[in-house]
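Sequence lines set the chain letters: A, B, ... in the order given, protein chains first and strands last, and positions in each chain run from 1. None of these values were measured; they are calculated from a predicted model.
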Protein chains: 2
Amino acid sequence: MTKIERAATGRARSGRGATASDKDVAASAGRPRSEEAHQAILDATLALLGEVGFSALTVEGVAGRAGVGKATIYRRWASKLPLVVDAFGGLPALEDADTGSLASDLKVMLRSYLELFNKTPLAAVLPALASERAHDPALAELFDPVLLQRRSPLVQALERAVARGEVSADLDLDLAADLIVGPIAVRLFFTGRKIQAKMVDPMVDMALGGIARPR
Amino acid sequence: MTKIERAATGRARSGRGATASDKDVAASAGRPRSEEAHQAILDATLALLGEVGFSALTVEGVAGRAGVGKATIYRRWASKLPLVVDAFGGLPALEDADTGSLASDLKVMLRSYLELFNKTPLAAVLPALASERAHDPALAELFDPVLLQRRSPLVQALERAVARGEVSADLDLDLAADLIVGPIAVRLFFTGRKIQAKMVDPMVDMALGGIARPR
DNA sequence: GCGATTACGATACACTACGTTTCGATATCC
DNA sequence: GGATATCGAAACGTAGTGTATCGTAATCGC
């Protein structure tokens with residue numbers, strides 16, 4: 001037994017929801033899959049993503065860091081890609097904020113979102129997965145719903161604003177959400193231009209000018 | 001000699017501008033580097049990027065497609081990354097359009113830009129390079145200026161609008177440009193949501209609402 | 001308890017691509 | 001015509017992939 005200490009886990013597999021990227025479901029008899037190993041693999045994946053980035057990430061490296069055999073990883077994920085998708089799914093997403101006004105909601109949410117980019121390897125994961133999904137339909141199926149779900153708090157804030165009459169009811173909320181996160185995505189991913197926390201207010205204000213109903 | 005037919009090229013190296021990703025400048029004597037090989041390599045790189053994407057792109061594959069030895073590639077580019085950056089630089093960029101109004105300029109430019117994504121492997125190249133630049137400062141130095149220069153027509157259109165008084169003179173043009181391209185980037189790269197040509201008008205109108213001076 | 005079953009970490013394997021180096025041949029400069 | 005640098009081709013060591021197999025360990029059904 002290695003560095004992973006195993007506690008009694010009962011029926012281990014039932015402890016987590018299927019992620020659709022698990023390679024196959026194990027039979028009911030025999031030794032259950034180690035939940036500790038599973039989490040150690042995901043943790044090591046995220047840590048290495050932050051340290052070396054996506055393309056330099058190797059399954060061998062993850063196995064070594066997690067104190068796990070390579071076969072244990074391949075038993076659960078078919079390749080590096082779905083593994084990273086799963087690890088990505090474990091990263092914190094946008095936290096909803098309901099402060100009473102759309103502008104304030106957005107500013108709070110985006111400020112805390114920017115912090116996530118400093119704490120997590122989000123900036124390394126997102127563009128890497130995006131570049132793969134174009135040529136891998138199977139990956140797109142895994143990745144797209146996870147991604148869209150991550151920005152749902154943004155859409156919820158917009159829906160509240162519609163209910164309050166802050167924005168027009170016939171607004172395309174999906175497009176509006178893209179308008180809000182677009183500048184951040186462009187700046188963070190495609191160029192090295194840092195985003196200061198104090199830049200959030202003008203960004204939101206500029207986006208809102210186009211979204212809010214004319215006063 | 002393979003499929004590359006070599007014409008008389010004179011001093012080959014002087015025919016193209018240094019791209020800063022050339023590995024080293026050759027001395028003045030001896031056989032000059034083949035300009036045909038150079039172009040064949042870049043063409044093959046772009047073709048393969050479109051076919052198999054970035055991560056599945058191999059230098060061996062490029063050499064084979066270009067009818068060139070691997071050493072010929074490594075003599076000019078240190079690795080796959082700067083090669084792709086150079087090939088990326090050869091892709092067509094935004095075409096400036098000066099129609100008299102900002103809204104019209106943007107709509108024309110973005111519509112033709114969308115066509116580029118259907119004709120070129122832009123969607124495969126951009127996120128891939130973006131994900132690498134975060135962990136490769138040398139790549140960032142090559143990539144960032146090329147990328148920023150590619151959207152300069154957008155900024156020029158905004159400057160014309162400022163001169164015409166269409167938008168406020170104290171507008172942050174850089175941020176405004178991000179607001180315009182942001183939704184397109186998010187939709188094209190991070191999700192599979194296609195962008196119809198008829199969606200350009202509402203996108204521009206929504207962005208402009210925040211950018212244009214209140215009427 | 002006890003045997004059947006399954007996962008465990010470790011290791012060996014064939015395979016592929018990388019990036020380097022060597023080769024004889026070829027093209028250009030001086 | 002000699003010096004020099006590039007050419008395409010091929011071989012090389014290195015590293016990671018994904019599979020298979022080892023003996024061990026954990027859980028189930030009985």
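Here the shortest heavy-atom pairing between A97(A) and D105(A) reads O-CG, 3.0 Å. The heavy-atom pair separating L116(A) from T120(A) by the smallest distance is O-OG1, 2.6 Å.
E132(B) and K80(B) are not joined by a salt bridge, as no carboxylate oxygen comes within less than 4.0 angstrom of a charged side-chain nitrogen. Using a 4.0 Å cut-off between charged nitrogen and carboxylate oxygen, D205(A) and K107(A) count as a salt-bridge pair. Classification of D144(B) and R193(A) as a salt-bridged pair fails, no side-chain N sitting under 4.0 Å from a carboxylate O.
If you measure from atom CG of L81(B) to atom C1' of dG19(C), you get 14 Å, rounded to the nearest angstrom. Across the protein-nucleic acid pair, L48(B) atom CG and dA17(C) atom P stand 12 Å apart, rounded to whole Å. With rounding to whole Å, E36(B) atom CD is found 11 Å from dG8(D) atom P. Going from atom CZ of R65(B) over to atom P of dG8(D) covers 17 Å, rounded to whole Å. If you take CG of L57(B) and C1' of dC18(C), they are 13 Å apart, rounded to a whole angstrom. Here the P atom of nucleotide dT28(C) and the CD atom of E35(B) are 13 Å apart, to the nearest Å. The NZ-P distance, from K80(B) to dG16(D), rounds to 15 Å in whole Å. As a whole-Å value, the separation of Y74(A) OH from dA7(C) P is 18 Å.
Here dT6(D) is the nucleotide among dG18(D), dT27(D), dT6(D) with the atom lying nearest to any side-chain atom of R75(B). Taking every side-chain heavy atom of R33(B) into account, dT6(D) is the closest of dA7(C), dT17(D), dT6(D).
Residues F189(A) and F189(B) keep their aromatic ring centres 6.0 Å or farther apart.
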Classify every nucleotide of nucleotides 10-15 of chain D by which part a protein heavy atom approaches to under 4.0 Å, writing B for the base, S for the sugar-phosphate alone and - for neither, in 5'-to-3' order.
------
Table please: side-chain donor-acceptor pairs of residues 180-187 of chain A below 3.5 Å, with sequence neighbours left out.
unit_1	atom_1	unit_2	atom_2	d
R187(A)	NE	D178(B)	OD2	2.4
R187(A)	NH2	D174(B)	OD2	3.2
R187(A)	NH2	D178(B)	OD2	3.1

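Using a 4.0 Å cut-off, some side-chain N or O of T72(B) falls inside it from OP1 or OP2 of dG8(D).
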